[in-house]
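Only heavy atoms go into these numbers, but all of them, side chains included; no hydrogens, no water, no symmetry mates. In what follows, residues are counted from 1 in the order of the sequence shown.
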Amino acid sequence: MLLDSASLYFRAFFGVPARPDGAPIPTNAIRGFTDMIATLLNDHHPTDLVACWDNDWRPAFRVAAIPTYKTHRLTAGSDVQEESPEDLTPQVPVIVDLLAAVGLCRIGSDGYEADDVIGTLAVAADGPVDIVTGDRDLFQLVDDAAGVRVLYTAKGGVRAPDIIDQAALFERYGVRTGAQYADLATLRGDTSDGLPGVAGVGEKTAATLIGRYGDLATLRAALADGDGGFTPSQRSKLLAASDYLDAAPEVVQVARDAPLPADLDPSLPTAVADPQRLAELIDVYRVGNPVSRLRTALGI
């Protein structure tokens with residue numbers, strides 16, 4: 001099980017009420033994220049779990065390809081700092097400490113996003129993989145043959161996620177594979193990531209074109225060859241977006257080769273890794289109940 005950690009703790013922050021409990025900072029994201037992991041363990045019983053981390057939320061290679069990538073999320077006056085709710089920011093280091101104290105694996109890769117860590121781990125896994133996220137970008141990793149699916153939390157949260165496999169991709173978007181979804185997303189664009197897409201080409205048209213040609217590269221080759229499968233309007237719009245289509249796949253495609261530690265151990269802990277530190281965190285941040293639920297779910 002691979003967790004898109006920021007997606008989940010942001011959801012926890014906005015979904016769990018803050019409350020005065022004597023802690024030095026708000027703890028709603030800490031409590032909510034901890035409870036989410038306990039719920040996922042109880043409901044899905046993974047053998048391994050990795051909390052995947054954004055060591056770089058706006059990697060240089062993506063910004064070089066599309067300079068507008070996530071610019072709308074920058075803090076005013078900064079070209080590196082992501083805007084984050086004031087009450088969430090101090091909770092993130094506590095989540096890091098809590099995961100380490102319990103003994104759960106947390107992995108990031110310098111210069112890469114959590115999506116890239118997830119992509120790298122997913123393609124290297126020997127068995128089935130569940131990716132837990134509220135981000136559609138990771139639909140591109142869905143692969144029935146490899147047993148890779150997404151537990152999509154945008155609507156039902158971790159308690160009632162939408163299960164995204166290839167059948168769900170076809171039902172929702174009219175594409176048959178994760179790779180085709182990535183090509184659709186390139187054409188459609190994504191305002192939440194600052195990707196403009198091809199002007200005038202929406203999701204349905206993108207799905208139709210990818211379905212007809214199989215992938216973006218074949219579509220563009222047919223366009224260059226003067227293939228008659230495009231309306232004059234589609235041809236004009238796609239040709240006008242040539243520079244964008246040259247660059248966008250570098251941004252949209254999740255990396256499968258992010259450098260990761262050689263000694264990575266995703267197995268679930270069989271004992272608390274640092275009992276003293278965990279006790280300190282419980283005492284300072286008043287998170288005894290969610291930690292107890294997590295320990296029960298882990299059987300430690």
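In summary, the side chains of S233 and K237 do present a donor paired with an acceptor at a separation below 3.5 Å, with no hydrogens or angles considered. Side chains of T133 and D135: a donor-acceptor N/O pair is absent below 3.5 angstrom, by distance only. Checking T218 against D215 by side-chain atom types alone, a donor-acceptor pair falls below 3.5 Å.
At distances below 3.5 Å, at least one donor-acceptor pair connects side-chain atoms of R58 with backbone N or O atoms of Y69. Judged purely by atom type and a 3.5 angstrom limit, R11 uses its side chain to pair as donor or acceptor with the backbone of T153. A donor-acceptor pair under 3.5 Å links the side-chain atoms of Q166 to the main chain of R176, judged by distance alone. In terms of modelled atom types and a separation under 3.5 Å, the side chain of S292 and the main chain of G288 share no donor-acceptor contact. With hydrogens and angles ignored, the 3.5 Å screen pairs no side-chain donor or acceptor of N55 with any backbone N or O of G111. S267 places no side-chain N or O within donor-acceptor distance of the main-chain N or O of D48, the cut-off being under 3.5 Å. Put simply, the side chain of Y244 gets close to the backbone of T186: a donor and an acceptor are under 3.5 Å apart. The main-chain N or O of T39 is never found under 3.5 Å from a side-chain atom of R159 such that the two would form a donor-acceptor pair. The backbone N or O of A258 sits nowhere less than 3.5 Å from a side-chain atom of S109 that would complete a donor-acceptor pair. A donor-acceptor pair under 3.5 Å is formed between the side chain of T34 and the backbone N or O of I30.
Atom CG in D87 sits 10.5 Å away from atom OG1 in T27 (nearest 0.5 Å). Distance check, rounded to the nearest 0.5 Å: OG1 of T68 to CG of L195 gives 6.5 Å. Note that the CG atom of D143 and the OG1 atom of T177 stand 8.5 Å from one another [nearest 0.5 Å]. Rounded to the nearest 0.5 Å, atoms NE2 (H45) and CG (D130) are 12.0 Å apart. The CG atom of L268 sits 9.5 Å away from the CE atom of M1 when rounded to the nearest 0.5 Å. To the nearest 0.5 angstrom, T205 atom OG1 is 12.0 Å from F230 atom CZ.
Grouping the Ile, Leu, Val, Met, Phe, Trp and Tyr side chains by contacts below 4.5 angstrom, directly or via other members, places L2 apart from V102. Residues F33 and L88 share a hydrophobic cluster, clusters being chains of Ile/Leu/Val/Met/Phe/Trp/Tyr side chains in contact below 4.5 Å. In this structure, F10 is a member of the same hydrophobic cluster as V132, with clusters built from ILVMFWY side-chain heavy atoms closer than 4.5 Å. Hydrophobic clustering (ILVMFWY, side-chain heavy atoms < 4.5 Å, transitive): V50 and V148 are in one cluster. At a threshold of 4.5 Å between side-chain heavy atoms, the hydrophobic network of Ile, Leu, Val, Met, Phe, Trp and Tyr places L40 and I131 in two separate groups.
Nearest heavy atoms, V252 versus A185: CG1-CB, 4.3 Å. Residues C52 and I118 approach most closely at SG-CG1, 3.5 Å, considering heavy atoms. Contact detail for G103 and A273: the closest heavy-atom pair is CA-CB, 3.6 Å. Residues A29 and I95 come closest through the heavy atom pair O-CD1, 4.1 Å. Nearest heavy-atom pair, A206 versus L187, reported as atom, atom and distance to 0.1 Å: CB-CB, 3.8 Å. Taking each heavy atom of T89 and S84 in turn, the nearest pair found is OG1-OG, 3.4 Å.
None of T270, I37, V272, L104 except one satisfies the side chain to side chain contact (heavy atoms under 4.5 Å, CB included) rule with L298; the exception is L104.
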Check against side-chain contact (heavy atoms from CB on, under 4.5 Å), R256 and L141: CA-CA 10 Å; R256 273 77 164 175; L141 295 172; 3.6 Å; yes
CA sep, side-chain torsions, deciding dist, call: Q276, D274, side-chain contact (heavy atoms from CB on, under 4.5 Å): CA-CA 6 Å; Q276 180 176 344; D274 189 340; 3.9 Å; yes
Test side-chain contact (heavy atoms from CB on, under 4.5 Å) applied to L238 and L209, step by step: CA-CA 11 Å; L238 290 164; L209 292 172; 4.2 Å; yes
Verdict with reasoning, I107 to L260, per side-chain contact (heavy atoms from CB on, under 4.5 Å): CA-CA 8 Å; I107 295 295; L260 302 178; 3.7 Å; yes
CA sep, side-chain torsions, deciding dist, call: Y9, W53, ring pair (Phe, Tyr, Trp, His ring centres under 6.0 Å): CA-CA 11 Å; Y9 66 63; W53 219 255; 5.7 Å; yes
Test log, rule side-chain hydrogen bond (donor to acceptor under 3.5 Å, both in side chains), inputs Y213 and D227: CA-CA 11 Å; Y213 291 100; D227 184 276; 2.6 Å; yes
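In this structure the side chain of Q180 never reaches within 4.5 angstrom of the side chain of L216, judged on heavy atoms. By the 4.5 Å heavy-atom criterion applied to side chains, D265 and C105 are not counted as neighbours. In this structure, L121 and L264 have side chains that are in contact, with non-hydrogen atoms separated by less than 4.5 Å. Contact annotation: the side chain of V254 approaches that of Q140 to within less than 4.5 Å [non-hydrogen atoms, C-beta and beyond]. V129 places none of its side-chain heavy atoms less than 4.5 Å from the side chain of R149. Using a 4.5 Å cut-off on side-chain heavy atoms (C-beta onward), N28 and Q91 make contact. Residues P161 and Y152 form no side-chain contact, since every pair of their non-hydrogen atoms from C-beta on lies 4.5 Å or further apart. Side chains of I164 and R172 form a contact here, defined as non-hydrogen atoms less than 4.5 Å apart.
A salt bridge links R220 to D246: one of the charged nitrogens lies within less than 4.0 Å of a carboxylate oxygen. Between R136 and E203 there is a salt bridge, since a side-chain N of the basic residue sits under 4.0 Å from a carboxylate O of the acidic one. Checked for salt-bridge contact, D162 and K155 miss the test: no charged N lies under 4.0 Å from a carboxylate O. A salt bridge links R62 to E113: at least one charged side-chain nitrogen sits closer than 4.0 Å to a carboxylate oxygen.
Heavy atoms from other residues, nucleotides or ligands lying under 6.0 Å from CZ of R277 number more than 12.
F61 belongs to a hydrophobic cluster whose remaining members, ordered by chain and number, are Y112; membership requires side-chain heavy atoms of ILVMFWY residues under 4.5 Å apart, directly or through intermediates.
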